[in-house]
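The structure under discussion appears below in the form of structure tokens.
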There are 2 protein chains.
Amino acid sequence: MVVGFDHFIEEFKTALSANQTITFFCHCKIRYSGRAESFLPIGDRVIIIKSDNTLLVHQPDGNNPINYMKPQSQITISKKEDYLLISSRNLQHKDYLDIEVQGVYSFMSYKLEDGQKLLLEGSEKDMSDMIYDNPELISKNFKPLSREEHTKYGFIDVFGHNDKNELIIVECKRYTASLSCVTQLRRYVEKIKELKGTKKVTGVLAAPKISPNAKKMLLDWKFKYKKINPPKRLERYNKDQKTLGEY
Amino acid sequence: MVVGFDHFIEEFKTALSANQTITFFCHCKIRYSGRAESFLPIGDRVIIIKSDNTLLVHQPDGNNPINYMKPQSQITISKKEDYLLISSRNLQHKDYLDIEVQGVYSFMSYKLEDGQKLLLEGSEKDMSDMIYDNPELISKNFKPLSREEHTKYGFIDVFGHNDKNELIIVECKRYTASLSCVTQLRRYVEKIKELKGTKKVTGVLAAPKISPNAKKMLLDWKFKYKKINPPKRLERYNKDQKTLGEY
DNA sequence: TACTACATCTCGCAT
DNA sequence: ATGCGAGGTGTAGTA
């Protein structure tokens, strides 16, 4: 044990009440109960507690936290016979997390100030905007009428018609389209057929790639696939490739 | 600035080459390019680098990392005129992340040892197991034949028949069933009808709750809804309700 | 609040 | 490697 329990409790409580962000390395067991039940046997982890009482437990490998508690949870610490108990409870979500800390290797806390939002380009919304602004990507006769239609019609990415006034529904995916993408499109097409009382509705799936099964189902339903790359994808990679190619 | 750049670089490089887990608080800007493009303006964050070179950037609030890089990325650090540049590249995923560190508040690193896996109960698999072992939850005539049945159009949670040898397909959801759950079930039912050459196939959606639109679509397709709570759900909460927080 | 669909989704499993 | 679906999914947007 590198950090003494008494000293740790002191620091922890002070940081917690000051809404500092806390991180520490420790040797611990973890129990969770809520939407499911879980237990993580003894091992070394890094714990993060944020100013909004979000709690994250990370193992030394992997992307995702192995355990976590949502913001606005209550956090308490108490000393037991031979370990520290850190408890987090979220009564709203009915979530309970207990960390049995058997040793603390290192502790750190600081009041972090950050009000910034991430500026992100390349989402599915950007892709449907691109198609709306460049309808020839779908077909030379495609006339878009609306995008991101959030009505009882369904949430249709791009909605329009061709030069024969036949309706066209476009569903965008920024990754390989699978079976569920086809059923999603199918649901919209059927809803529009029902609402507009017409059978002349074409479904178009716009994606960089489509799986073989999805392609088969798409064709079974007389829908169309249009290979379209989402905007802003791999921009730097493509630039790098170009630069390398110049040498 | 609490930690000097030169000292930080030294510590950082040592920890990185020793595959220690690193966390530090800093004032920084972040750029990402890969599957999308993002920029996060200047602010305070906690950075975590794991032994497998996973990199996480967390703001002082919220559950999810605001930026991240997957395991097995290359990480480098270099000193610029008035900032530190931490670069992470993943050529396999074509991902690029740059952190422009303008100040370091606190730094910590340690070699964490952990080979444990999470033991989790209450997943959808547990729910389909429960139904398989207790078929009367679906109906008194239900005879399950298989679980996790793989078909070309997806895999079926519980598959069986009633006492008239009519096929029954059960799709389990551990949360509120929505439209997409109904289309998923519908896809399986249609595929089984085609494969078995029969029209007598019943789809059953087993979930604790179902949305109104999903319920309507379900009934339109002559499927059945069965209210079933997933196992282990809120075990501690329910116990607490009984024992008034004895735990 | 409930419902819907996206996500730099991630992850595991099976082909 | 790819396809498919679950996730203690989380998160945003809308009615």
How close do [X] and [Y] get, counting heavy atoms only, and between which atoms?
| X | Y | answer |
| --- | --- | --- |
| B/Cys28 | B/Ile99 | CB-CG2, 3.8 Å |
| A/Lys50 | B/Pro60 | CB-O, 3.2 Å |
| A/Arg174 | A/Pro208 | O-CG, 3.6 Å |

> Can A/Asp95 and A/Tyr32 be counted as having a side-chain donor-acceptor contact under 3.5 angstrom?
Replying inline: yes

Using atom [atom1] of [X] as one end and atom [atom2] of [N] as the other, report the distance to the nearest whole Å.
| X | N | atom1 | atom2 | answer |
| --- | --- | --- | --- | --- |
| A/Ile156 | C/dC6 | CD1 | C1' | 17 Å |
| A/Glu148 | D/dA12 | CD | C1' | 11 Å |
| B/Asp61 | D/dG10 | CG | P | 17 Å |
| B/His93 | C/dA7 | NE2 | C1' | 16 Å |
| A/Arg187 | C/dC3 | CZ | C1' | 11 Å |
| B/Asn213 | C/dA5 | CG | C1' | 13 Å |
| B/Gln59 | D/dG10 | CD | C1' | 15 Å |
| B/Asp157 | D/dC4 | CG | C1' | 13 Å |

> Below 4.0 angstrom from OP1 or OP2 of C/dA5, is there any side-chain N or O of A/Lys173?
Replying inline: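 For A/Lys173, the contact criterion (side-chain N or O under 4.0 Å from OP1 or OP2 of C/dA5) is not met.
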
> Taking only N and O in the side chain of B/Gln184, is any of them less than 4.0 Å away from OP1 or OP2 of D/dA6?
Replying inline: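 Yes.
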
>> For nucleotides 8-15 of chain C, give me one character per nucleotide, 5' to 3': B if any protein heavy atom sits under 4.0 Å from the base, S if the only such contacts are to the sugar-phosphate, - if neither.
In response: BSSS--S-

> Is A/Arg147 positioned over the aromatic face of A/Tyr132, cation under 6.0 angstrom from the ring centre and no more than 45 degrees off axis?
Replying inline: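 Flagged: A/Arg147 positioned over aromatic ring of A/Tyr132.
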
> When rounded to the nearest 0.5 angstrom, what is the spacing between CG in A/Asn67 and CZ in A/Arg31?
Replying inline: 11.5 Å

>> Nearest to the B/Glu171 side chain among C/dA5, D/dG3, D/dA6, which nucleotide is it?
In response: D/dA6

> Starting at the 5' end of DNA chain D and moving along, which residue's nearest nucleotide shows up first, A/Pro212 or B/Cys172?
Replying inline: A/Pro212

> Does A/Glu124 or B/Leu179 map to a spot on DNA chain C nearer the 5' end, using the closest nucleotide for each?
Replying inline: B/Leu179

>> Working note: A/Thr176 + A/Ile210, criterion side-chain contact (heavy atoms from CB on, under 4.5 Å); need CA distance, chi angles, decisive distance, verdict.
In response: CA-CA 5 Å; A/Thr176 304; A/Ile210 186 168; 5.6 Å; no

Atom [atom1], compared across [N] and [M]: separation rounded to whole Å:
| N | M | atom1 | value |
| --- | --- | --- | --- |
| C/dT4 | C/dT8 | P | 22 Å |
| D/dA6 | D/dG10 | C1' | 14 Å |
| D/dG7 | D/dT11 | C1' | 14 Å |

>> By the 4.0 Å heavy-atom rule, please label A/Lys232 as base, sugar-phosphate, or nothing.
In response: nothing

